[in-house]
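Input: a single structure, listed below in structure tokens.
Note: hydrogens, waters and symmetry copies are ignored here, and every other heavy atom, side chains too, is used. Sequence lines set the chain letters: A, B, ... in the order given, protein chains first and strands last, and positions in each chain run from 1.
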There are 4 protein chains.
Amino acid sequence: MEQNEPFRSANVSDTVQIEEMTLSEDPRPRRASIGARRNPAAEAAIVAAARDLLGEVGFAGFSIDAVARRAGAGKPTIYRWWPSRTDLLVAVYERERAARLAEPETGALKGDLAAHARALFSAWRETPAGHALRGIVAEAQGAEPALVLLWGHLLPALARPIRAMLGDAARRGEVDPADTEMLAELVSGFLLRRLLTGQIDDDRAAIERMSRILATGRGRAK
Amino acid sequence: MEQNEPFRSANVSDTVQIEEMTLSEDPRPRRASIGARRNPAAEAAIVAAARDLLGEVGFAGFSIDAVARRAGAGKPTIYRWWPSRTDLLVAVYERERAARLAEPETGALKGDLAAHARALFSAWRETPAGHALRGIVAEAQGAEPALVLLWGHLLPALARPIRAMLGDAARRGEVDPADTEMLAELVSGFLLRRLLTGQIDDDRAAIERMSRILATGRGRAK
Amino acid sequence: MEQNEPFRSANVSDTVQIEEMTLSEDPRPRRASIGARRNPAAEAAIVAAARDLLGEVGFAGFSIDAVARRAGAGKPTIYRWWPSRTDLLVAVYERERAARLAEPETGALKGDLAAHARALFSAWRETPAGHALRGIVAEAQGAEPALVLLWGHLLPALARPIRAMLGDAARRGEVDPADTEMLAELVSGFLLRRLLTGQIDDDRAAIERMSRILATGRGRAK
Amino acid sequence: MEQNEPFRSANVSDTVQIEEMTLSEDPRPRRASIGARRNPAAEAAIVAAARDLLGEVGFAGFSIDAVARRAGAGKPTIYRWWPSRTDLLVAVYERERAARLAEPETGALKGDLAAHARALFSAWRETPAGHALRGIVAEAQGAEPALVLLWGHLLPALARPIRAMLGDAARRGEVDPADTEMLAELVSGFLLRRLLTGQIDDDRAAIERMSRILATGRGRAK
DNA sequence: ATGTAAGCGAGACGGTACGTCTGGTCTTATA
DNA sequence: TATAAGACCAGACGTACCGTCTCGCTTACAT
């Protein structure tokens, strides 16, 4: 801060000097490079910081600066491995999703759908995965790459287990195979709409109704 | 996000006319105050600038600064009437929505749903309303007030005509009245999911299938 | 606030409505026009507000907006009579200066100067006049009209009683008439420098020394 | 404020050279960071821009925004190193003051004072230093930190060479040592008053008279 | 064994946008 | 015709992030 400044005179706010001196010992261990390859500790610290940040303040207040600060990482280190904020959100999302729900396999489509929806809402409530996905959707409304990622990768992944259930149901004769694709879209539309409007509490009645309508057909009114 | 048709331009009955007339002789008319009350010309110019900006660059690049610049307005004037970016987006959205689709009234639910969906997709493609709604959803992922507005005001408004169709269908005996609410939610989930992933092209097959499944029930596989 | 807005929808921050309704009765009497001539009540209220504001927060925080707010006056009313902030400051300054010090007339220049300086410092301390003059000097550093006003009107007025004392002293033979002008300038330089650096406490020793040096000459060191 | 001579331009040994060289091929070199430490080129460009701005439009029109624009710098870069406008003005002032007047050493106080005053007025006329100091004084009338800086740092520095002359004179027996402090204050009061009222033209008669009165005493009128 | 290549924390950099404040002008409605 | 009111454009304020850059360091790997 002092180099090359022959004329730098007393600043208006130079009274801070004293307290800066007490900072002699460094509380942060400064996680250095481990050679010409990615440092797993750095990666873990960054994703953990991002996860915690999302958990604490949600997508608002989620910034690369804040993640770097909290992780004790340099911003270029983040940008090296996650070229955009979206990528970092995806990393958090996928990491959380790893703790996955065992497939229900109740033997009937309606029960499978309901169980899956309830498990998903629960995971979105209790981990930052929900905030992460919401953030990705938000980014996708303004950035092309995020949009591609969302509907080329994330939403298909979200629909995959649903499609699997529907495939099973089709094999059991519960569902016309020609309808599985649209049914999967309707289910994920339901899930997404609830997530984005913050309505992911354990609303059993609604989940039950959705599952019944889509799984067993409605039949005409009596 | 792909439709580069520059959307329908200023309507014949638009309030912007006043401003555009003054533009004829002076490049920057410096639209002054008209007394201690809101200046409709300023309001029109701001909403028009916001609309055009959305149409040209989408939600990315939509900033209050840019709107003020383009409208020749002071930022405080914008903040006075639309306290947040979301409010301005809503203004654009509702303005565009005014040119509304006549209700289909085909006499059968399936046709009504399909016609409505196609009309809505068309409107989203051809006016900035789609971009506006996408922006509002994005904002709602990080800002509580926007979230409240979204699911307390905007989504209900979106679902209202659908609910009306379902009510009619229920009166005709096509649908169990107990299901109308969830059916409306499923339809709007479908619409919203398509909007947010940029899939609002005129996909007649998908719209047809969605309408059939939700309107007539699926019936089990043969 | 409602006119011409067919599309103005629910604002994000529209919860204020309720409390605005309680504002039915007006606490402020709304001092109206008294016809086609200047309303003394308005003038008094404005100058009083300016004076009080200066007294409470000093020149920082002194703005036309704040004065208008506090006086319950419209900004144009202020600008009509005081075309710039400087003019308003001058009004405050002159009004305060009205409660003026009786001329000392001790019969000797040194005592006159000291008495005058002490009286002036006291007035600057105890009324907003000091803040007003400081503000005028500040404005004069960036605005030509204020500068003209300052050294064409205010500083001469400040020097006038001093020049009078020096004239008397010259008549008494205490001072060379050719020196009175510069002596007056040196005295007012002393006063101004003290005011602008906030050193207008009752420093009798310094005032005494200044008076002695300028009034009786120094004489060489013993 | 009247001198429209464009003041001495960039010195041969100025640090700006580096930046000006890159300007040869690219109209906007986008002077990037040079690592986790202050970039001297950026500093030089900012101070130079501030200096030029002061020289061209004076303290009015001197804004951080304008400096940033002209320097091709980001506003945060300026605020990082000069937390307030005052700090930047001080930087300009001290930079200019570096081109210092050789101490006169005429052997007699009166000549020393006159030479010093004339040199100072000349520097204030021909460089932006005068505008910078005027700006600092203006700021000090509304901001406490600027006030502290002014009379704790800047005015003492201004008075230092004068005090030195007076000390020499006292050693030579020309002046009573007990008077040196007040004499220095009277001289700097004279200088400051002239600066703040824009009267820094080469008024030899006035400078002569001031020097004579303060240096040799006046003696009574004949 | 050593040179080189890459990762690392750090933080400065030019920008853009944020939301607020003030300046000075303008117009209306009221008296 | 003066007044209170308050909207209007303009633009500066100081702050937060963005994504890029360079530094000085550390370590592993290829020579």
Going 5' to 3' through nucleotides 24-31 of chain F and flagging B where a protein heavy-atom sits under 4.0 Å of the base, S where only the sugar-phosphate is that close, and - otherwise, we get B-BBS---
Of Ala42(D) and Arg85(B), the one whose nearest nucleotide on DNA chain E sits closer to the 5' end is Ala42(D)
>> Is Arg69(B) close enough to dA17(E) that one of its side-chain N or O atoms is under 4.0 Å from OP1 or OP2 there?
In response: yes
_OP1 or OP2 of dA6(E) versus the side-chain N and O atoms of Arg38(A): is any pair under 4.0 Å?_
no
Here the pair of heavy atoms bringing Ala71(D) nearest to Ala45(D) is CB-O, 3.7 Å
In whole angstroms, the gap separating P of dA4(F) from CZ of Arg70(C) amounts to 16 Å
When every non-hydrogen atom of Leu53(C) is compared with those of Gly61(C), the smallest separation belongs to CD2-O, 4.0 Å
- Message: What I want to find out is whether Glu56(B) reaches Arg51(B) closely enough, with some N-O distance under 4.0 Å, to be called a salt bridge.
- Response: no
Taking dT22(F), dC8(F), dG14(E) as options, the one with an atom nearest any side-chain atom of Pro76(A) is dT22(F)
Whole-Å distance, Arg80(B) CZ to dT22(E) C1', equals 13 Å
By nearest-nucleotide position on DNA chain F, the 5'-leaning member of Ile64(D) and Gly74(B) is Gly74(B)
In whole angstroms, the gap separating C1' of dT25(E) from CG of Asp65(C) amounts to 13 Å
- [ ] Please state whether the phosphate of dG14(E), meaning OP1 or OP2, lies under 4.0 angstrom from any side-chain nitrogen or oxygen of Arg31(D).
- [x] yes
note: Lys75(D), atom NZ; dA12(F), atom P; distance rounded to Å ~ 9 Å
Ile78(C) CD1 to dT25(E) P, in whole Å, measures 13 Å
Does Thr77(B) put a side-chain nitrogen or oxygen below 4.0 Å from OP1 or OP2 of dC9(F)? yes
Taken to the nearest whole Å, CD1/Ile46(C) to P/dA2(F) is 14 Å
Check for me whether Arg38(D) meets the cation-pi criterion with Trp82(D), that is, NZ or CZ under 6.0 Å from the six-membered ring centre and within 45 degrees of the ring axis. yes
Scanning both residues in full, the closest heavy-atom pair of Ala140(A) with Arg134(B) reads O-NH2, 3.4 Å
Tyr79(C) OH to dG6(F) P, in whole Å, measures 17 Å
In whole angstroms, the gap separating P of dT25(E) from CH2 of Trp82(C) amounts to 16 Å
For this session: Go through the steps to decide whether Asp65(D) and Arg69(D) satisfy the test side chain to side chain contact (heavy atoms under 4.5 Å, CB included), and finish with yes or no.
Result: CA-CA 6 Å; Asp65(D) 276 80; Arg69(D) 239 164 4 235; 3.9 Å; yes
Margin query: With a cut-off of less than 4.0 Å, is there a side-chain N or O of Trp81(B) near OP1 or OP2 of dC8(F)?
Written below: yes
Practice prompt. Kindly indicate, with the supporting measurements, whether the criterion side chain to side chain contact (heavy atoms under 4.5 Å, CB included) is fulfilled by Val67(C) and Phe62(C).
Written response: CA-CA 7 Å; Val67(C) 171; Phe62(C) 179 82; 3.8 Å; yes
